[in-house]
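Note that ligands are numbered from 1 as they come in the structure, with each ligand's atoms numbered from 1 the same way.
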Amino acid sequence: MSEPTQVAIVGAGPAGLVLSHLLHLQGIESVILESRSREYVEKRIRAGLLEQRTVDLLISTGVGERLKREAMVHTGLNFQFEGERHRIPLDELTPGRNVTIYGQQEVVKDLIAARLAAGGVIHFEAAVESIQGLEGSRPVVRYRQNGTLVELEADYVAGCDGFHGVCRGAVANPKVYEKVYPFAWLGILAQVAPSCDELIYARHERGFALHTMRTPKLTRLYLQCPVEDSIEQWSDDRIWSELRTRLNIPGWSLADGPVVDKGITEMRSFVHEPMQHGRLFLAGDSAHIVPPTGAKGMNLAISDARVLAAAFIAHYKSGNQQLLERYTADCLPRVWRAQHFSWWWTTLFHRFEDEDAAFQQQLQVSQLRYMLSSRPALTSMAENYVGLERVV
Ligand code: FAD
Ligand code: DHB
């Protein structure tokens with residue numbers, strides 16, 4: 001048995017760490033259980049693009065000092081199709097709002113450091129196996145650490161354990177919405193300065209490509225690839241050659257460098273309703289997944305954590321249960337907005353092999369051209385891309 005706590009948090013990803021941090025700022029105790037080592041979660045390469053409200057939250061709650069120094073603020077992005085690149089000025093379309101490049105693992109490092117400096121408890125290499133008593137008053141989380149089964153008692157449990165976690169399984173009679181895409185993303189991290197100051201989303205007849213970055217010395221690149229491909233089929237030379245083909249425009253070249261990380265990710269849209277059951281509340285990827293195009297996953301995970309923290313604070317500070325009761329209802333509008341944007345952004349840029357592929361390609365080009373010719377259409381895209389302040 002370990003020391004009981006108020007909120008047991010499963011998972012030290014962005015959702016679990018932000019939740020623990022926000023609760024701590026209001027004097028509410030939590031314990032985080034994380035199956036991986038600290039080193040592993042601090043090195044795991046994933047997301048990199050933060051919406052304005054995510055940046056604002058991290059800075060206003062005191063975990064944005066390094067972000068302010070090191071992150072790269074982007075006031076625009078590029079789309080590319082039919083061999084031409086077009087810059088979209090986000091700052092003109094959504095005044096005062098931009099996007100920021102700062103690696104997910106950097107956000108995770110900053111949050112872990114802040115939690116530990118404040119005396120927070122994070123058990124690494126502590127894999128949760130089951131949760132009991134969610135319908136009673138004192139749930140118990142069972143986790144395994146160093147081969148020993150340990151029990152943690154809490155008032156509430158927050159399931160922030162990602163898409164492959166165990167918490168979602170405790171929600172009775174869920175409704176699941178799902179779409180699996182017939183392609184994957186191959187992502188690399190390369191030790192070379194970005195070849196463009198901003199992101200490039202490229203629609204090409206051979207498939208989608210994305211040029212993004214992590215730092216002034218590290219470029220991140222993605223390629224659409226067949227879902228059945230393995231990383232061994234993609235030598236570094238083949239990756240660079242394919243990236244050059246898909247990102248090419250006259251007068252521009254893609255600089256290459258040593259590949260320090262590479263992997264293939266499947267693409268899925270997924271929503272699990274409700275996001276709560278008894279004393280369990282799901283946040284982030286444990287409750288929903290979006291395809292990476294549009295970069296909404298981490299932002300959504302942090303948004304759930306913010307909604308859940310407010311509900312726990314209302315409960316502990318004033319005995320008000322209402323926010324906890326309507327947690328799912330409060331999260332879902334933003335979840336579905338992000339689902340729509342991510343699906344739309346994916347369908348706009350990827351190559352499909354369906355029977356009606358030729359028809360879809362014409363629709364893609366028509367929509368991209370329309371955006372370039374219509375400020376309202378472009379503004380609608382931009383306000384979703386930088387992140388809506390309010391979603392109803
Ligand atoms: P996770 O980060 O998955 O954290 C869950 C944690 O729970 C993990 O640390 C895991 O080890 C732990 N865990 C799991 N099971 C257990 C257990 N049984 N016991 C204890 N611990 C457990 N999102 C964006 O917003 N912007 C982007 O630019 C972006 N790009 C992406 C690019 C790629 C290639 C990929 C794959 C994803 C991208 N995402 C992006 C999505 C983003 O990375 C995720 O949405 C985000 O990690 C979700 O955070 P989370 O805290 O919900 O879950
Ligand atoms: C990144 C990933 C995305 O899916 C995206 O749309 C933008 C940026 C990134 O990893 O930097």
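Within ligand 2, counting atoms from 1 as listed, the ones closer than 4.0 Å to a heavy atom of Gly294 are 6 (O). Near Arg214, meaning under 4.0 Å from one of its heavy atoms, ligand 2 places the atoms 9 (C), 10 (O), 11 (O). If you number the atoms of ligand 1 from 1 as listed, the ones under 4.0 Å from a heavy atom of Ala127 come out as 19 (N). Against a heavy-atom cut-off of under 4.0 Å, Trp185 is close to the following atoms of ligand 2: 4 (O). The contact set between ligand 1 and Gly284, taken as ligand atoms under 4.0 Å from a residue heavy atom, comprises 52 (O). For ligand 2, the atoms sitting less than 4.0 Å from at least one non-hydrogen atom of Tyr201 are 5 (C), 6 (O), 7 (C), numbered in the order shown with element in parentheses. Every atom of ligand 1 with a heavy atom of Ala295 under 4.0 Å away is listed here by number and element: 24 (C), 25 (O), 26 (N), 27 (C), 28 (O). In the vicinity of Leu199, heavy-atom distances shorter than 4.0 Å reach the ligand 2 atoms 7 (C), 8 (C). Atoms of ligand 1 lying under 4.0 Å from any heavy atom of Asn299, numbered from 1 in the order shown and given with element: 25 (O).
Within the 4.0 Å cut-off (strictly below), no protein heavy atom is located near atom 37 (C) of ligand 1.
Residue pairs meeting the ring-ring contact (aromatic ring centres under 6.0 Å, His included) criterion with at least one member in residues 216-269, sequence neighbours excluded: Trp185-Tyr222.
With hydrogens left out, the protein atom closest to atom 4 (O) of ligand 2 is Pro292 O, 2.5 Å, a heavy atom. Atom 39 (N) of ligand 1 has its closest protein heavy atom at Ala47 CB, 3.6 Å. Protein heavy atom in closest approach to atom 14 (C) of ligand 1: Asp161 O, 3.1 Å. Here the protein heavy atom with the shortest distance to atom 2 (C) of ligand 2 is Tyr222 CE1, 3.7 Å. Of the protein's non-hydrogen atoms, the one nearest atom 51 (O) of ligand 1 is Ala15 N, 2.9 Å.
Checked by distance only, ligand 2 and Leu210 stay at 3.5 Å or farther apart across all their nitrogen or oxygen atoms. Taking any N or O of Arg220, backbone or side chain, none lies under 3.5 Å from an N or O belonging to ligand 2. Among the atoms of Phe163, none of the N or O lies under 3.5 angstrom from an N or O of ligand 1. Taking distance alone, with nitrogen or oxygen atoms compared against 3.5 Å, His164 stays at or beyond that limit from ligand 1.
If you take CD1 on Ile188 and CG on Leu243, they are separated by 5.5 Å, rounding to the nearest 0.5 Å.
With Gln364 contributing its side chain and His350 its backbone, the two residues share a donor-acceptor pair below 3.5 Å.
With sequence neighbours excluded, the residues satisfying side chain to side chain donor-acceptor pair (under 3.5 Å) with Gln52 are Asp56.
Between the side chains of Asp304 and His288, a donor-acceptor pair is found at a separation under 3.5 Å.
Under 4.0 angstrom from ligand 1, the non-hydrogen atoms of Tyr222 all belong to its side chain. With a heavy-atom cut-off of 4.0 Å, Val10 touches ligand 1 through its side chain alone.
Not a single heavy atom of Gly187 sits closer than 4.0 Å to an atom of ligand 1.
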